Every structure is written in structure tokens, then in C-alpha cells.
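Quantities reported herein were computed from a predicted structural model and do not represent experimental measurements.
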Amino acid sequence: MSHTVFFTRDAVRDLDAIRDYLLDHGGVDGAIEEIDRLQKRIKRLHVHPERGHVPRELHASGLQDIREIIEKPYRILYRVTGTQVFVLLVAHERRDMQTLLQRRLLRG
């Protein structure tokens, strides 16, 4: 079954922030290549979104419908609803994920 992948506003802002950081620290070619690599990985979710796993920070929260894939060094969190995949967050693996998730996903 094919799914449709959507980016939330937060996920778009995450990708924009990653791009801006890479532009400032690595140049145009590196930024374009990295964002392209991330977007390709995310778009592949349309085929098998269930391949992702529940992030370790969410095991005790009851949010078992949120999944994660890794595209080193980034973590990509998403929710599958029927035939739709909603990308919720794209963050560097060194970010304080617990705090980020509390602000972003658990804000009620």
C-alpha cells in the first residue's frame, strides 16, 4: 500500500534550520547535498512507514503511534494515520530529544 507523506510546519522549520546551519558551517554544496539526502529518506516512507521504531524517549509516554527512522546524524519522527505519513520532527541526534519532544509533541 502506498502512503502519502506530509511535512508538518515544525518539520519544515527543522529542515530550514538544518539547511541554514549547514550553509553557515559547510557551504552551499554540502547543505544542498545533506538536505537532499534527508528529503529522499523521508519520501521513502511512502512505501514502508512501519519500518520505523518507537523512539526510546516515548516508550513510557503512551505515544506508541509515533515512529522514528535514522538518517545519520539525524532522527526523523513521524506518525502514520491510515495511508498518510506526517513528518513531525527532524533533529540532530545530539539534540536534547527529551526536552524537544516535551515541547513539540507532548504540549497537549
Side-chain angles (χ1 to χ4, degrees):
M1 175 190 307
S2 183
H3 292 73
T4 305
V5 178
F6 298 95
F7 290 81
T8 63
R9 285 187 206 128
D10 284 337
V12 171
R13 281 192 286 268
D14 292 340
L15 288 171
D16 288 344
I18 292 167
R19 181 202 62 225
D20 292 346
Y21 177 85
L22 293 171
L23 284 170
D24 289 345
H25 294 87
V28 174
D29 291 339
I32 290 171
E33 184 176 307
E34 189 72 2
I35 294 299
D36 186 50
R37 186 174 66 87
L38 279 168
Q39 288 178 331
K40 284 179 182 175
R41 173 78 164 149
I42 291 167
K43 288 178 183 176
R44 285 193 305 241
L45 287 170
H46 83 283
V47 180
H48 295 290
E50 67 280 355
R51 284 189 180 175
H53 61 274
V54 176
R56 64 186 173 276
E57 296 87 354
L58 295 179
H59 281 280
S61 71
L63 293 174
Q64 302 298 308
D65 63 332
I66 294 175
R67 296 186 169 273
E68 169 184 57
I69 56 173
I70 306 294
E71 184 64 29
K72 286 283 190 180
Y74 299 98
R75 297 173 68 181
I76 302 159
L77 277 68
Y78 62 95
R79 176 179 277 138
V80 180
T81 305
T83 60
Q84 299 176 327
V85 177
F86 296 93
V87 179
L88 306 171
L89 181 144
V90 182
H92 195 280
E93 63 188 4
R94 292 188 179 173
R95 296 274 310 266
D96 177 0
M97 192 60 69
Q98 191 68 42
T99 301
L100 186 58
L101 289 173
Q102 286 174 344
R103 280 191 309 207
R104 184 86 56 94
L105 302 178
L106 304 175
R107 60 183 165 212

task = Treat each ILVMFWY residue as a node, draw an edge where side-chain heavy atoms are under 4.5 Å apart, and state whether L89 and L38 are in one component.
result = no
TODO: Give a yes or no on whether Y78 and V5 share a hydrophobic cluster (residues Ile, Leu, Val, Met, Phe, Trp, Tyr; joining criterion: side-chain heavy atoms under 4.5 Å apart).
DONE: yes
- request: Please state whether the rings of H92 and Y74 are parallel, tilted or perpendicular, taking 30° and 60° as the class boundaries.
  value: perpendicular
Are any of the side-chain nitrogens in R19 or D16 under 4.0 Å away from the carboxylate oxygens of its partner?
-> yes
Problem - Single-linkage hydrophobic cluster, 4.5 Å side-chain cutoff, I70 and L58 together - result: no
Rounding to 0.5 Å, atoms OG1 (T4) and CD (Q84) come to a distance of 6.5 Å
Heavy-atom nearest pair, R44 first then R41, reads NH2-CD, 3.0 Å
Heavy-atom nearest pair, I66 first then P55, reads O-CD, 3.4 Å
message: Strictly distance-based, threshold 3.5 Å: is any side-chain N or O of T8 a donor or acceptor partner for the main-chain N or O of A11?
response: yes
Taking every heavy atom of K72 against every heavy atom of E34, the minimum-distance pair comes out as O-OE2, 4.4 Å
To the nearest 0.5 Å, atom CG of L77 lies from atom CD of E57 at 8.0 Å
Would you kindly confirm whether V87 and I69 end up in one hydrophobic cluster when ILVMFWY residues are joined by side chain heavy atoms under 4.5 Å apart?
-> yes
Taking atom CG as the centre, does D29 end up with more than 12 heavy-atom neighbours from other residues, nucleotides or ligands that are less than 6.0 angstrom away? no
Rounded to the nearest 0.5 angstrom, the CD-CD distance for E93 and E71 is 11.0 Å
Handout entry: Connected via hydrophobic side-chain network under 4.5 Å: V80 and I76
Key = yes
In short, P49 meets R67 closest at the heavy-atom pair O-CD, 3.7 Å
Here the gap from I42 atom CD1 to F7 atom CZ, rounded to the nearest 0.5 Å, amounts to 4.5 Å
Next item on the list: Assess whether atom OH of Y21 is packed by more than 12 heavy atoms of other residues, nucleotides or ligands within 6.0 Å.
Entry: no
Item to check | Pair D14 + R95, salt bridge at N-O below 4.0 Å | outcome: no
Q: Dump the intermediate steps for side chain to side chain contact (heavy atoms under 4.5 Å, CB included) on L88 and D10, then the final yes or no.
A: CA-CA 6 Å; L88 306 171; D10 284 337; over 6 Å; no
d(I18 CD1, L23 CG) to nearest 0.5 Å is 12.0 Å
